[in-house]
Amino acid sequence: MELIKLSNLSKTYQIGQNEVEALKNVDLKIQDGEFVAIMGPSGSGKSTLMNLLGCLDKPSKGEYVLDQNIISELDSNKLAEIRNKKIGFVFQNFNLLARTTAIENVEIPLIYSGLNFKERELKAKKKLDLVGLKDRIDHKPNQLSGGQQQRVAIARALVNEPVVVLADEPTGALDSKTGEEIMSIFQRLNKSGITIILVTHEIDVASHAKRVITFKDGVIIEDKKKN
Amino acid sequence: MNISLTFIIALKALRVNALRSVLTMLGVIIGVAAVIALVSIGTGAQDKIVGQIEALGSNLLIIVNASSRDSGARMGAGSKLSLTTEDVDAIANEKQLITIASPTIHTKGQVISGNFNWSTDIIGANKSFFIARDWSIAEGRFFNELENNSSAKIGILGKTVVDNISPNNSPVGTLIRVNRVPIKVIGALEPKGQSADGKDQDDIIIIPMQTVQKRILGSNKRARPNMVHVIWVKVINSSRMSEAEERIKEILRKQHKIRPGKEDDFKIHNLEEIRNTVSQSIGVFTLLLGAVASIALVVGGIGIMNIMLVSVTERTKEIGLRMALGAKRKDILMQFIIESITLSLIGGFIGIIFGMIVSYLISKTAGWPTTIDINSIIIAFFFSAAIGIIFGAYPARKASLLDPIDALRFE
Ligand SMILES: Nc1ncnc2c1ncn2[C@@H]1O[C@H](COP(=O)(O)OP(=O)(O)O)[C@@H](O)[C@H]1O
Ligand SMILES: [Mg+2]
């Protein structure tokens, strides 16, 4: 099933008089269950693409369809709902709330879906278990290692059963060994059927993916599928 | 997203910067405490003065000669006394409206007892006067029937007079001189305290009316045998005060043969009315005090707004994250509004307790009567909630309008 479809998508930033074209007429289709790595040099538009895919930003031109929703036409409330229900974010610097326990961090998306305390706790525990943090649920971020924090973030990304997980350089702040651990989690998740799109500029990291798309100056210069 | 959860999130956020939260609340605490304390002073004064007016006697109409001042004790030159004992009888006849109509005559005099010497108000009265004014005896007795209708040389003293001429032992049974007339003291009155206009109501000696008429005022050229300075009228019940007032007016105008269009030669003070007027004007004063105090509350609100703005800036990244995870703009708006309402309500609550303590201390140390009105507590509570909403609205709106990407990228 076609999960994501970008047609002629462009994003232009205006800085004073200058216009920066971060993405230029991008066409891209991603199927349900794919594991895609986005590569490319710094400034090539990878993060811009992720923000658009994550419904955090709107394209300047073109159309974006996610899971049959025409995202380019939705208002801010509808976009918040899409982010909440259909998308799981994993950030480079984890982005956990400080002074807040692992389980409370994982529960945040569920709060905005209107679930009650019991349901939230149940779901959050299950996902923390899935990333191997069963015995760390009451730890606060400053009591966890970088790898553990990123695993909390992955649990949070998964907690609302999204259709796609978007990870922008999820191993960027980790050492290579911990990075490998995180990647094996992603691989496992993908095997269980979850669609994953991640940005990286490390070949090793990208090698876990089944498809590698390379960007340069806002355009796709290579789209390679492994078999 | 429900309110109680938002409230918990707000409490957590406030606990993170506990000291800052408390300092922010301080503005509201002081504001609310000031409102509560100052309004309690105003209300206390109101209660006291109304109490004093009521102490004059319940359901009372006081009729005086138009040209005489106050209770008739001080009469200007040429003032003509129109009220007579016949008027009293005519009023007393209105039995369906009036329970008592009791005349008095007033003068000043010197009371001497042994070495003690005291200048006081002399009131010539009948025994019904004590009932009209709800005045009870502390020691001894009132006039008996015989004394009432004769010019018996007896008197009943107010507390102040007792204190000044017989400080050490009971005056009852002793012989004193009032304006050189020997008078036997037969009783002493319970104290009534100050009247609303600051006059000592206990600085008084009450002597049968005829005695004052014949023996004490006897030498006075203007003393007519049937003259009356004041008529104290007790109305059957408080709801019929105005009706009684109108009726008495009719009777007296007829008695005095005043032609239509001419002015009354008497004046009727309706205590019920006076009480309402005084009560209202102190109410305005109290409102003014409250208004001045609420300036502090507004300043406290500005403090909240200031801190909320700081908080929004500090937590920009958190806001971005929450938006990325599915928070709608209205969720963020609610989060910050609830946070500022929590601040102001906790502040308001502490302020109410603090204000009650201050009010208690004022009444203890300065001796002012204070009354804490439940209304002022309720108003203070809702006012502080309103402060939270009003001054939290702008920072919260600012937070909710952040762009999620910019907010996420904020360091
Ligand atoms: N908010 C922004 N405002 C202006 N220019 C931006 C903004 N975000 C990104 N850009 C520009 O768009 C281009 C692509 O940036 P980005 O998508 O962050 O690249 P990458 O993630 O591949 O390093 C860069 O030239 C960058 O300077
Ligand atoms: Mg980037």
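Convention: sequence-line order gives letters A, B, ...; per-chain numbering from 1.
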Mind checking which of residues 357-376 of chain B sit less than 4.5 Å from chain A, heavy atom to heavy atom?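 Residues of residues 357-376 of chain B touching chain A at under 4.5 Å: none.
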Close contacts, residues 11-30 of chain B versus chain A, judged by heavy atoms under 4.5 Å: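 Result: B:Lys12, B:Val16.
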Take atom [atom1] in [X]; do more than 12 heavy atoms of anything else shown fall under 6.0 Å from it?
X	atom1	value
B:Phe354	CZ	no
A:Gln68	CD	no
A:Lys58	NZ	yes
A:Lys24	NZ	yes
B:Arg397	CZ	no
B:Phe285	CZ	no

Hey, does [Y] have a side-chain heavy atom less than 4.5 Å from the side chain of [X]?
X	Y	answer
A:Ser76	B:Lys328	no
B:Lys317	A:Leu97	no
A:Asn95	B:Leu408	yes

Heavy-atom cut-off 4.5 Å, strictly under: side chain, backbone, both or neither for A:Ile108 against chain B?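 For A:Ile108, the contact with chain B is made by the side chain alone.
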Side chain / backbone / both / neither for A:Phe91 at chain B, heavy atoms under 4.5 Å: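 Interface part for A:Phe91: side chain.
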Taking all heavy atoms of A:Tyr112 and all of B:Leu325, pick out the closest pair and write down the distance.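 Smallest heavy-atom distance, with atoms named: CD1-O, 4.4 Å.
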Closest approach of B:Ala327 and A:Ala80, non-hydrogen atoms and distance?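 Heavy-atom minimum between the residues: O-CB, 3.7 Å.
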Using non-hydrogen atoms and a limit below 4.5 Å, what part of residues 118-131 of chain A faces chain B?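 Answer by number: A:Arg120.
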For chain B, which residues of residues 139-170 of chain A have heavy atoms nearer than 4.5 angstrom: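 So the qualifying residues are A:Arg156.
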Largest heavy-atom contact set with chain B, pairs under 4.5 Å, which of A:Ile82, A:Asn84, A:Asn116: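 Winner by heavy-atom pair count: A:Asn84.
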Enter the distance from A:Asp57:CG to B:Asp406:CG here, rounded to the nearest 0.5 Å.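 Answer rounded to 0.5 Å: 8.5 Å.
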